[in-house]
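Here is the structure we will look at, set down as structure tokens.
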Protein chains: 2
Amino acid sequence: MNSRKGQRIAMLSEALSQHRSLHIRQAAAILGVSEMTVRRDVSACPEQFSFLGGHILPFIAADAESPYEISKAADSHASAKREVCAQALKYIRPDQTIFFDCGTTLPYLIDLLPDDILMTAVCYSLNVAERLARKPNVRLVMLGGLYHPASASFSGSSGLETLDALVIDVAFLSAAGVDGRRGATCAHFHEADIKRKAMSQAQTSVLLIDKSKIGKLKPAFFSDMQSFDAVLTEDGLTDLSA
Amino acid sequence: MNSRKGQRIAMLSEALSQHRSLHIRQAAAILGVSEMTVRRDVSACPEQFSFLGGHILPFIAADAESPYEISKAADSHASAKREVCAQALKYIRPDQTIFFDCGTTLPYLIDLLPDDILMTAVCYSLNVAERLARKPNVRLVMLGGLYHPASASFSGSSGLETLDALVIDVAFLSAAGVDGRRGATCAHFHEADIKRKAMSQAQTSVLLIDKSKIGKLKPAFFSDMQSFDAVLTEDGLTDLSA
DNA sequence: AGAGTTATGTTCGAATTTTAACAAGGCAGC
DNA sequence: GCTGCCTTGTTAAAATTCGAACATAACTCT
């Protein structure tokens with residue numbers, strides 16, 4: 001593969017992490033090449049992109065966490081995720097500052113919280129924020145930035161700087177892949193930045209995963225397994241430190 | 001709406017919760033109607049589905065409406081606000097950076113935008129962000145911070161600093177009170193901070209109000225009337241500079 | 001430099017999607 | 001039953017996308 005071609009595909013990936021779809025015409029304009037070249041680029045990586053009537057869509061892996069797939073993923077792992085979150089409840093005490101990671105797992109935890117729970121919540125995902133905003137006694141701090149539809153989350157230096165000024169009692173993390181040797185990984189690098197910073201600011205870091213994540217590897221590494229104070233799965237406390 | 005039509009739309013929702021997309025032909029076969037009818041059904045609920053080259057895509061399932069949304073539904077000035085926003089459309093050109101204020105007016109403007117509009121949107125309100133996030137070609141920048149339920153908005157220095165780094169083409173502002181002599185005011189001081197900074201970064205500042213706001217005064221002042229490049233009400237362009 | 005290979009652009013026709021217009025069918029109210 | 005209104009189906013034309021074929025440009029290797 002050409003290096004130019006590689007660059008273009010990377011640019012496409014980047015653009016598609018910010019948009020749910022991109023028309024070939026726009027892509028051609030952005031990349032400064034002809035539409036035909038865009039077609040060829042996209043066709044060259046069917047595992048990354050798909051065509052739909054002149055629009056380029058990011059390909060969603062079966063287990064990827066994307067707005068499109070949330071309902072399906074929720075169906076298959078919903079009960080597991082609820083069990084995991086039920087265990088997480090005992091790490092929370094009144095009036096603490098809690099960090100909520102993005103993904104499809106954490107919303108279950110929020111739903112399990114008492115409606116009038118008192119806490120300061122920190123998050124960087126739109127759908128997590130919406131849920132937290134409904135709790136009347138939650139003081140919500142949101143890390144803003146550039147929006148990424150794939151995870152409904154935000155990225156940017158302002159969010160990282162906001163974290164610098166926060167003392168977090170408990171950070172609840174999620175991961176798209178967990179491996180005993182290689183550690184915890186996620187799909188996007190901007191998520192990894194936030195996760196790392198949140199863990200460094202937290203007294204206690206708790207990883208919440210369903211077992212389908214074990215043994216998987218995703219591109220963005222964010223922590224080795226030893227750094228978590230607890231790793232919860234639907235089977236309870238788990239030790240994956242190889 | 002027909003009851004048959006309602007059933008078909010429900011069946012479409014069901015089918016699309018398990019697949020990322022559905023071709024019109026398949027949908028027609030499943031529903032036992034013609035492709036044209038499927039087209040008409042889908043076009044009838046643009047907030048639930050979208051077309052992409054012969055395929056039907058689901059939108060993210062919208063969760064229950066937040067308290068703030070509910071109050072919006074009971075908004076007595078809805079039609080006036082829609083009219084104001086219809087006029088605001090002509091200030092927008094493709095590929096610009098647009099600032100959206102918080103409040104109950106701006107959501108109408110977003111609903112009036114074409115689904116595939118290309119822009120960079122800047123906002124600091126949860127319900128505005130939620131709406132903007134559904135537009136596939138909008139690059140969304142969110143100013144985070146501490147959440148204020150009264151206006152579903154965020155406050156904090158990180159948002160103001162993010163604005164420092166932005167060049168805004170058009171800023172659409174709202175106000176809770178507008179007075180020819182005293183200028184534009186709003187209910188909360190943190191909103192005023194953001195509004196002022198957004199206006200200072202914007203090439204063009206447009207104030208969107210319904211006439212019920214005229215003559216009212218609220219605690220937080222944010223701009224005199226001369227500083228707006230346009231003031232739109234349901235009666236059109238208005239000059240309130242006393 | 002020259003030949004061979006690969007990458008990119010252009011063009012064109014086939015296939016597909018979109019849209020509008022009109023016809024047919026169903027249903028409520030009189 | 002008839003009328004008027006709404007829904008659905010059919011058709012045809014317009015616009016768009018797809019994919020192949022060929023031409024040109026760029027790059028690699030000797």
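In what follows, chains are A, B, ... by sequence order, proteins preceding strands, each numbered from 1. As the structure is a computational prediction, the values presented were derived from the model and not from experiment.
Between B:S153 and B:E191, the side chains place no donor N or O within less than 3.5 Å of an acceptor N or O (distance only, hydrogens not considered). A donor-acceptor contact closer than 3.5 angstrom is absent between the side chains of B:T233 and B:D235.
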Could you run down nucleotides 10-19 of chain D 5' to 3' and tag each one B, S or - for protein heavy-atom contact under 4.0 Å? B------SB-
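Aromatic ring pairs are classed by plane angle as parallel below 30°, tilted from 30° to 60° and perpendicular above 60°; the pair B:H55 and B:H23 is perpendicular. Taking the six-membered ring where tryptophan is involved, the planes of B:F99 and B:Y124 are essentially parallel, since the angle between them stays under 30° and well short of 60°.
Applying the 6.0 Å contact sphere to CZ of A:R196 captures more than 12 heavy atoms from other residues, nucleotides or ligands.
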